[in-house]
Number of protein chains: 2
Amino acid sequence: MARNTPEAPVLPLDTIMSGDCVAAMDSLPENSVDLIFADPPYNLQLRGELHRPDNSMVDAVDDHWDQFESLKAYDHFTSRWMKAARRILKPDGAIWVIGSYHNIFRVGATLQDQGFWILNDVVWRKTNPMPNFRGMRLTNAHETMIWASKSEGAKYTFNYEALKALNEGTQMRSDWTFPICTGHERLKNERGEKAHPTQKPEALLHRLLIATTNPGDVILDPFFGTGTTGAVATMLGRHFIGIEREEEYRQLAAERIAKVRTLPKDALQTTTSKRAEPRVPFGQLVERGMLRPGEELQSGNGRHRAKIRADGTLTGEGVKGSIHQVGAAYEGAPSCNGWTYWHFKREGKSVSIDTLRQQIRDEMSKLN
Amino acid sequence: MARNTPEAPVLPLDTIMSGDCVAAMDSLPENSVDLIFADPPYNLQLRGELHRPDNSMVDAVDDHWDQFESLKAYDHFTSRWMKAARRILKPDGAIWVIGSYHNIFRVGATLQDQGFWILNDVVWRKTNPMPNFRGMRLTNAHETMIWASKSEGAKYTFNYEALKALNEGTQMRSDWTFPICTGHERLKNERGEKAHPTQKPEALLHRLLIATTNPGDVILDPFFGTGTTGAVATMLGRHFIGIEREEEYRQLAAERIAKVRTLPKDALQTTTSKRAEPRVPFGQLVERGMLRPGEELQSGNGRHRAKIRADGTLTGEGVKGSIHQVGAAYEGAPSCNGWTYWHFKREGKSVSIDTLRQQIRDEMSKLN
DNA sequence: CAGATCGGTGAATCTAGGG
DNA sequence: ACCCTAGATTCACCGATCT
């Protein structure tokens, strides 16, 4: 618990410090904060401009604070802030760091090198990531968070039951699904543009703080930005200490947090969202070996046949395409539900491929 | 393509090499394999197997030093096998490495340090992970795979359209959901126990090989285990080279792969990208009389017009140039795909000039 | 007013090939 | 090495406006 007593040196609770985060952390007493949440620059290495297929331009992260000269310079930066963070962390405290593949491997290795003990890596799956516009790679649809205690064997905080409750009674997994921060939650500047390029969703911090802190704990965020950590900490009855170099962000964060009211104790309810049935791509039946490339499907009416290819498309009678496209072409129809149209043979019987989809859905319904 | 000709040194295709993977890789010619898939040991306490960099003795010491030494040894091990792998990889080849939070950060950092260029990190979400029995942490429900090219700017293989097809028409994301390897797919030893502790599901390799290799490519797996990579590569018409130290695993893998049949060629064909299609100059439509000089084209949105000239350029509204240049100028856009932008009239209907290009391409494909 | 339509946008290492 | 040009390329969601 945080308490400013004569024994415990005074902490600047619920305030936003300015200046360089290393200097600011060095000014705080050692072994004094319960949790550190760090969202450091990712060291994205932009090349030129990127346009969407409709020719509109993508507003990319090109801020000066994300520019580093080399991997070595980034490692040096990481080492410095992490060492300062480690000093002020209580022995039983913990740290979270979020990043993408550009920086997270350097971050994770540095954590281990400094004696932190990794407890989990958590994947934030974005429901609505930005697509890969040029079709050159996979859609970058997740970010990685590392959760680590100060050292091996330390008694970290983990509210197992609370998380289990958040997850409707089954253990919380290491993959968390949330939308990116958009809409009214996204802070705007006076010009109506996004105020900060990388504002994190409050839902992410909500789960993280419920999981690994208790009411009254002190959470330090050395890259405070527009203060999501402070807003959620305040709402959940925790204390925060923010550090942010940019005056504009400090100002916005302070205004934002001033509006937040701490929830009454009994109000921390789970937001359970019922979801539609998950979409199952036909290709998954092939990947999983439920159907084999080269195998033949028959239409339910028995009139048509098509062969499965390795990428989950069908081919036959001069047509290629998805199960829906080929079904529609065969029937001369504008559209066709391939899931009910196509059948396969098992033990002499004709079975709808939809039964295989149902098997996968049954598995998936156990996930988030 | 893999071929053993006098020019290309002989590769031990579709075989399992024995011994230490570094020694085995060092015996292969440089720049010779298309893809490396590596599933290295995760365990950081590998003292017996690892060569200590300084040959110092490991005895009872404090935890921190012990952890540091073991990280150092693991890094050394990683560095060695990765360097050997890098030498035999073709300049336009790529590597995949799979791991968990115990080792993946060290692996990723080493990849970057050695000059590999990360293309994506991919999360394998397990539908049925082992629960965390003690309730002390989150259920560890995923593993991380890193996909990297040999160097920045290298021309890696990525079958974008095939993956999009596998995902039923939308871009494949960086999170892949599959069950862990169980049931009949899981190899058993004579005692009925699981033969290998970390056998990977074939579905994972199926997607990975469809995504980043072509039929005939050579895939090397330095930690072959029970040969999932070899089994799936064989099924998909790719070549493999396995390296495995344990006699028992080699034996099981060989038996397993011997039972696999390569899929027929037509099942292996996957959806291709337009980028791979032969280039057709617009002027050819004019030369062939499909469009006539002097004829007018309209933009798809109906707002603009241009006249065709005999050399296959367009003119109108004070602009001259290629179909792309004039479209871009009209729209005030940085670029424009003239093939989809421009339309002509036939029998009262507006038809995209791209349909004419397709006619020529269809003719050309018959010449092969 | 409900529903349809349209425009905007998000941590991105985002082209290929010929001269 | 650079320069230029052809031409390929997007998903989920939010909010404002229109019907």
Side-chain angles (χ1 to χ4, degrees), chain A residues 39-63 65-68 71 74 98-104 124 126-144 178-186 188 192-194 196-201 223 225 279, chain B residues 112 116-121 147-149 151-153 155-156 158 160-161 164 167 169-174 273-283 312-313 321-328 333-342 353-354 357:
Chain A
D39 182 10
Y42 286 10
N43 191 25
L44 301 183
Q45 304 196 353
L46 322 163
R47 295 302 180 252
E49 292 180 338
L50 178 62
H51 294 264
R52 296 188 179 79
D54 65 3
N55 276 322
S56 65
M57 213 172 70
V58 174
D59 180 18
V61 179
D62 54 0
D63 306 68
W65 48 255
D66 199 45
Q67 313 288 332
F68 293 85
L71 277 180
Y74 188 79
I98 183 167
S100 66
Y101 67 83
H102 311 87
N103 70 324
I104 198 66
W124 168 29
K126 306 178 184 184
T127 57
N128 50 349
M130 190 172 348
N132 184 295
F133 295 115
R134 311 306 292 263
M136 296 308 295
R137 303 182 182 184
L138 300 162
T139 304
N140 207 350
H142 74 275
E143 292 185 26
T144 302
F178 293 113
I180 60 177
C181 183
T182 58
H184 293 301
E185 190 185 323
R186 188 87 194 210
K188 305 288 193 298
E193 304 154 344
K194 61 184 174 193
H196 191 282
T198 70
Q199 186 181 341
K200 296 292 176 288
F223 307 98
R279 193 173 57 90
Chain B
Q112 292 177 310
F116 287 99
W117 192 247
I118 299 182
L119 300 168
N120 276 118
D121 61 335
W147 172 38
S149 60
S151 59
E152 182 180 358
K155 272 178 273 174
Y156 54 92
F158 180 53
Y160 173 76
E161 291 294 340
K164 194 170 166 180
N167 198 30
T170 60
Q171 289 191 338
M172 187 66 80
R173 298 165 41 110
S174 56
S273 158
K274 268 194 189 171
R275 278 190 264 259
E277 305 260 354
R279 182 173 288 204
V280 178
F282 176 71
T313 57
S322 73
I323 52 172
H324 314 294
Q325 288 167 335
V326 175
S335 71
C336 170
N337 183 344
W339 289 107
T340 53
Y341 184 78
W342 293 110
I353 61 172
D354 207 19
R357 179 170 66 162

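Each chain gets a letter, A, B and so on, in the order the sequences are listed, and its residues count up from 1.
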Atom pairs under 3.5 Å: protein N/O with N/O of nucleotides 14-18 of chain D:
residue	atom	partner	partner atom	Å
D/dG15	OP1	A/H184	N	3.4
D/dG15	OP1	A/H184	NE2	3.0

Let me check I have this right: for DNA chain C, each base becomes ., (, ), [, ] or |, based on Watson-Crick or G-U pairs with both distances under 3.5 Å. What is the full string?
.|||||||||....|||||

Nucleotide C/dG10, atom P - distance to CD of A/E143 in whole Å:
14 Å

Interatomic distance at P, C/dG10 relative to D/dT9, whole Å:
24 Å

Gap in Å between the two P atoms, one belonging to D/dA8 and one to C/dA12, rounded
25 Å

What pair of heavy atoms forms the shortest contact from B/C336 to B/H324, and how long is it?
O-CB, 3.3 Å

Distance in angstrom units between B/Y160 OH and D/dT9 P, rounded
7 Å

Looking at the side chain of B/Q325, which of C/dA12, D/dT9, D/dA6 is the nearest nucleotide?
D/dA6

Select base, sugar-phosphate, or nothing to describe what A/K200 touches, counting heavy atoms under 4.0 Å on all strands.
base

What is the distance, rounded to the nearest whole Å, between atom CD of A/Q67 and atom C1' of C/dA11?
13 Å

Heavy-atom nearest pair, A/R186 first then A/K194, reads NH2-CD, 3.8 Å

Tightest non-hydrogen contact, residues A/T182 and A/N128, listed as CG2-ND2, 4.4 Å

Judged by modelled atom types alone, do A/H102 and A/S100 share a side-chain donor-acceptor pair under 3.5 Å?
yes

With a 4.0 Å cut-off on heavy atoms, is A/P179 in touch with a base, just the backbone sugar-phosphate, or nothing at all?
nothing

Rounded to whole Å, please give me the gap between CE in B/M172 and C1' in D/dT9.
18 Å

Whole-Å distance, A/L44 CG to C/dG10 C1', equals 13 Å

Mind checking ring pair (Phe, Tyr, Trp, His ring centres under 6.0 Å) for A/F133 and listing every partner two or more places apart, or none if nothing turns up?
none

Categorize B/E152 for me: base, sugar-phosphate, or nothing, with a 4.0 angstrom heavy-atom threshold over every strand shown.
nothing

What is the separation between atom CG on A/N140 and atom C1' on D/dT10, rounded to the nearest whole Å?
15 Å

Using a heavy-atom cut-off of 4.0 Å across all strands, would you classify B/E161 as base, sugar-phosphate, or nothing?
sugar-phosphate

I want to check one thing: is the phosphate of D/dA8, taken as OP1 and OP2, less than 4.0 Å away from some side-chain N or O of B/N337?
yes

Base D/dA8 paired with B/S335 side chain (donor-acceptor, <3.5 Å):
yes

Counting only distance, no hydrogens or angles, is the base of C/dG10 paired donor-acceptor with the side chain of A/R52 under 3.5 Å?
yes

To the side chain of B/S322, which of D/dA12, D/dC11, D/dA6 is closest?
D/dA6

Reckon B/R357 touches a base, only the sugar-phosphate, or nothing at all at heavy-atom distances under 4.0 Å?
sugar-phosphate

Identify each atom pair where a protein N or O and an N or O of nucleotides 14-19 of chain C are less than 3.5 Å apart, giving names and distance.
residue	atom	partner	partner atom	Å
C/dC14	O2	A/F133	N	3.4
C/dC14	O2	A/R134	N	2.7
C/dC14	N3	A/F133	N	3.2
C/dC14	N4	A/P131	O	3.4

I want to check one thing: is the phosphate of D/dG7, taken as OP1 and OP2, less than 4.0 Å away from some side-chain N or O of B/H324?
yes

Nearest heavy atoms of A/D66 and A/P41, plus distance in Å
OD1-CB, 3.3 Å

Heavy-atom side-chain proximity of A/Q45 to B/E152 below 4.5 angstrom:
no

Inter-nucleotide C1' distance (C/dC1, D/dC18), Å rounded
13 Å

Assign B/D121 to base, sugar-phosphate, or nothing according to its heavy-atom contacts below 4.0 angstrom with the strands shown.
nothing

Kindly write out the residues that satisfy side-chain contact (heavy atoms from CB on, under 4.5 Å) with B/K164, not counting sequence neighbours, or none if the list is empty.
B/Y160, B/E161

Which whole-number value in Å describes the distance from A/N55 CG to C/dT9 P?
15 Å

Strictly distance-based, threshold 3.5 Å: is any side-chain N or O of B/W339 a donor or acceptor partner for the main-chain N or O of B/R357?
no

Stepwise, does the side-chain contact (heavy atoms from CB on, under 4.5 Å) test hold for B/L119 with B/F158?
CA-CA 10 Å; B/L119 300 168; B/F158 180 53; over 6 Å; no

Base, sugar-phosphate or nothing for A/P201? Non-hydrogen atoms, less than 4.0 Å.
nothing

For C/dG10, take OP1 and OP2 only and decide whether either is under 4.0 Å from a side-chain N or O of A/K126.
no

Looking only at atom C1', what distance separates D/dG7 and C/dA11, rounded to whole Å?
28 Å

A/D54 side chain: which of D/dC11, C/dA11, D/dT10 is closest?
D/dT10

Using a heavy-atom cut-off of under 4.0 Å over every strand shown, decide if B/L119 touches base, sugar-phosphate, or nothing.
nothing

Nearest-angstrom distance from the residue atom OH of B/Y341 to P of D/dA6
16 Å

Under 6.0 Å between ring centres: does that hold for B/W117 and B/Y156?
no

Restricting to side-chain contact (heavy atoms from CB on, under 4.5 Å), what partner residues turn up for A/T127, sequence neighbours left out?
A/T177, A/P179

Can you check whether any acceptor in the base of C/dA12 is under 3.5 Å from a donor in the side chain of A/D66, or vice versa?
no

Closest heavy-atom pair, A/N103 versus A/I98, reported as atoms and distance to 0.1 Å, is ND2-O, 4.4 Å

Heavy-atom nearest pair, A/T198 first then A/W65, reads CG2-CH2, 4.4 Å

Tell me whether the OP1 or OP2 atom of C/dG8 has a side-chain N or O from A/K194 closer than 4.0 Å.
no

Does D/dT9 have its OP1 or OP2 closer than 4.0 Å to a side-chain nitrogen or oxygen of B/S273?
yes

